[in-house]
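Basis for what follows: all heavy atoms, side chains included, without hydrogens, waters or symmetry-related copies. Note on naming: letters A, B, ... go to the chains in the order of the sequence lines (proteins, then strands), and numbering restarts at 1 for each one. Just so we're clear, the structure is a prediction, and the values are computed from it rather than from any experiment.
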Protein chains: 2
Amino acid sequence: MSSSAQKYDVFQAIADPTRREVLKLLAYKELPISEITSHFPMSRTAIAKHLHILSEANLVSGQKVGREKRYHLQPETFQELKDWLSYYDQFWNNKLSMLKYVVENDGEDSRKNKETD
Amino acid sequence: MSSSAQKYDVFQAIADPTRREVLKLLAYKELPISEITSHFPMSRTAIAKHLHILSEANLVSGQKVGREKRYHLQPETFQELKDWLSYYDQFWNNKLSMLKYVVENDGEDSRKNKETD
DNA sequence: ATTATATGAAACCTTTTGGTGTTATGTCAA
DNA sequence: TTGACATAACACCAAAAGGTTTCATATAAT
């Protein structure tokens, strides 16, 4: 059930705005491809590709029902992102003072450096 | 609150594995570009580009100290991701039964499926 | 059986992405 | 001032990403 060699991971999957919109749509209820497509200004084929990517990342899953394929979210995979984020929580919590020091002393040269980048 | 027209958002920024590694490095302490580069099998220029992207997404920030530029994480921006994720928590919590129903019954509910012509 | 619907899949195109190398600029140390 | 160091700012390139159109296949309905 879990394909070992996945080309797209969760991070790549959610990088695209269209795919995030698709996820939002599927949050409410499962939908077939053509129904999803009707919400976007692009071809059905394009949406199908996006769904394929979301599917490879295990963010969604599709089931054939008659002649249509209905896609729904896969909650478990969102956990992957939460885990990734929680790793950094360690630092905000444990090392917060150290970080605050670094951040708040960005005027080492006694002058506020404008972000010219 | 730097709100310029940013080309890269948080989602795109974390999509690249190298950039996620950079974030991991910077979690411990701020580092200059060349130091960061020493952890990767690619040129300093490449890393500089990655830092530029992370910087545009406000995930990191750099301050010039003497002739080097030290980069550090920007904790606030990680909140953006948490917020995005928490949106879906709604559904896992409130509508979990509905979703489980949909998944487990592979979409047998036919209440609002109208034929579109 | 025929036709309309829903999707799958391939070939193709353009822009973006992620890397390279080279050159220029600014800073520290003799 | 000179030389070493740290980075910035190009120009360039191959591959991937995101879209298109076209064609094929499976199911539903008449």
Side-chain angles (χ1 to χ4, degrees), chain A residues 5-23 26 30-57 59-72 108-111 113-117, chain B residues 5-23 26 30-57 60-72 106-107 110 113-117:
Chain A
Q6 53 180 22
K7 188 180 177 192
Y8 294 94
D9 63 10
V10 182
F11 296 96
Q12 265 185 291
I14 65 168
D16 184 87
T18 301
R19 287 196 287 270
R20 290 199 300 277
E21 277 295 312
V22 169
L23 291 177
L26 293 178
E30 61 170 15
L31 294 171
I33 300 189
S34 46
E35 176 72 24
I36 298 172
T37 303
S38 70
H39 291 78
F40 297 90
M42 64 184 71
S43 71
R44 184 194 53 78
T45 310
I47 296 296
K49 282 189 183 177
H50 282 306
L51 284 168
H52 181 70
I53 290 170
L54 288 169
S55 181
E56 260 197 21
L59 281 167
V60 307
S61 176
Q63 347 145 213
K64 280 204 73 178
V65 177
R67 63 181 158 182
E68 60 183 28
K69 189 168 185 181
R70 300 196 187 148
Y71 282 90
H72 58 84
E108 278 281 351
D109 53 348
S110 76
R111 192 176 324 189
N113 249 327
K114 218 176 74 168
E115 259 173 328
T116 43
D117 243 299
Chain B
Q6 51 182 24
K7 187 179 176 189
Y8 293 93
D9 63 9
V10 181
F11 297 96
Q12 266 186 292
I14 65 168
D16 185 87
T18 301
R19 286 195 289 270
R20 289 199 300 276
E21 278 296 312
V22 169
L23 291 177
L26 294 177
E30 61 170 18
L31 293 171
I33 299 190
S34 46
E35 176 73 23
I36 299 172
T37 303
S38 70
H39 291 77
F40 297 90
M42 64 185 71
S43 71
R44 188 196 54 75
T45 310
I47 296 297
K49 281 189 185 179
H50 282 307
L51 284 168
H52 181 70
I53 289 170
L54 288 169
S55 180
E56 262 197 18
V60 308
S61 175
Q63 347 147 210
K64 282 205 72 176
V65 177
R67 63 181 159 183
E68 61 184 26
K69 190 169 183 180
R70 299 196 187 149
Y71 283 89
H72 58 84
D106 63 298
S110 53
N113 259 320
K114 43 146 180 58
E115 292 288 30
T116 47
D117 66 294

Next on the checklist: Nearest to the side chain of B:Ala46, heavy atoms from C-beta on, is which of C:dG8, C:dG19, D:dG18?
Outcome noted: C:dG19
Inter-residue atom distance [X].[atom1] - [Y].[atom2], 0.5 Å rounding:
{"X": "B:Asp16", "Y": "B:Glu21", "atom1": "CG", "atom2": "CD", "value": "10.5 Å"}
{"X": "B:Ile33", "Y": "B:Ile47", "atom1": "CD1", "atom2": "CD1", "value": "9.0 Å"}
{"X": "A:Arg70", "Y": "A:Glu35", "atom1": "CZ", "atom2": "CD", "value": "10.5 Å"}
{"X": "A:Thr18", "Y": "A:Ile36", "atom1": "OG1", "atom2": "CD1", "value": "12.0 Å"}
{"X": "A:Ile14", "Y": "A:Ile53", "atom1": "CD1", "atom2": "CD1", "value": "13.5 Å"}

Checklist entry - According to the Watson-Crick and G-U wobble definition with distances under 3.5 Å, which dot-bracket string, read 5' to 3', encodes DNA chain D, using [ ] for crossing pairs and | for pairs with another strand? => result ||||||||||||||||||||||||||||||
Could I get the full list of side-chain contact (heavy atoms from CB on, under 4.5 Å) partners for [X], not counting sequence neighbours?
{"X": "A:Lys69", "value": "A:Lys64, A:Tyr71"}
{"X": "A:His52", "value": "A:Glu56"}
{"X": "A:Thr45", "value": "A:Ser43"}

Whole angstroms only, please: what is the [atom1]-[atom2] distance between [X] and [N]?
{"X": "B:His52", "N": "C:dT17", "atom1": "NE2", "atom2": "P", "result": "12 Å"}
{"X": "A:Ile47", "N": "C:dA6", "atom1": "CD1", "atom2": "P", "result": "16 Å"}
{"X": "B:Gln63", "N": "D:dT7", "atom1": "CD", "atom2": "P", "result": "13 Å"}
{"X": "A:Leu54", "N": "D:dG18", "atom1": "CG", "atom2": "C1'", "result": "13 Å"}
{"X": "B:Ile53", "N": "C:dT16", "atom1": "CD1", "atom2": "P", "result": "13 Å"}
{"X": "A:Leu31", "N": "C:dT7", "atom1": "CG", "atom2": "C1'", "result": "15 Å"}
{"X": "B:Leu51", "N": "C:dG18", "atom1": "CG", "atom2": "P", "result": "13 Å"}
{"X": "B:Glu68", "N": "D:dC5", "atom1": "CD", "atom2": "P", "result": "14 Å"}

Nucleotide N/O of nucleotides 10-16 of chain D paired with protein N/O under 3.5 Å:
none

Checklist outcome for this item: Whichever of B:Pro32 and A:Pro41 has the more 5' nearest nucleotide on DNA chain D, that residue is B:Pro32
Item to check | A:Asp16 or A:Gly66, whichever maps to the more 5' nucleotide of DNA chain D | outcome: A:Asp16
Checklist entry - At under 4.0 Å, does any side-chain N or O of B:Lys69 touch on OP1 or OP2 of D:dA8? => result yes
Item to check | Any A:Ser43 side-chain N or O less than 4.0 Å from OP1/OP2 of D:dG19 | outcome: no
Next on the checklist: Suppose we screen for side chain to side chain donor-acceptor pair (under 3.5 Å). Which residues come up paired with B:Gln12, at least two apart in sequence or across chains?
Outcome noted: none
Checklist entry - Looking across every strand, which nucleic acid part, if any, lies under 4.0 Å from B:Arg70 by heavy atom: base, sugar-phosphate, or nothing? => result nothing
Next on the checklist: Going by the rule salt bridge (charged side-chain N to carboxylate O under 4.0 Å, His left out), which residues pair with B:Arg44 if we only count those two or more places apart in sequence or in a different chain?
Outcome noted: none
Next on the checklist: Is there a side-chain contact (heavy atoms from CB on, under 4.5 Å) between A:Met42 and A:Lys49? Walk through the geometry before answering.
Outcome noted: CA-CA 11 Å; A:Met42 64 184 71; A:Lys49 282 189 183 177; over 6 Å; no
Checklist outcome for this item: Sorted by chain and residue number, the ring-ring contact (aromatic ring centres under 6.0 Å, His included) partners of B:Tyr8 (sequence neighbours excluded) come out as none
Hey, what are the protein-to-nucleotides 23-26 of chain D N/O distances that come in under 3.5 Å?
none

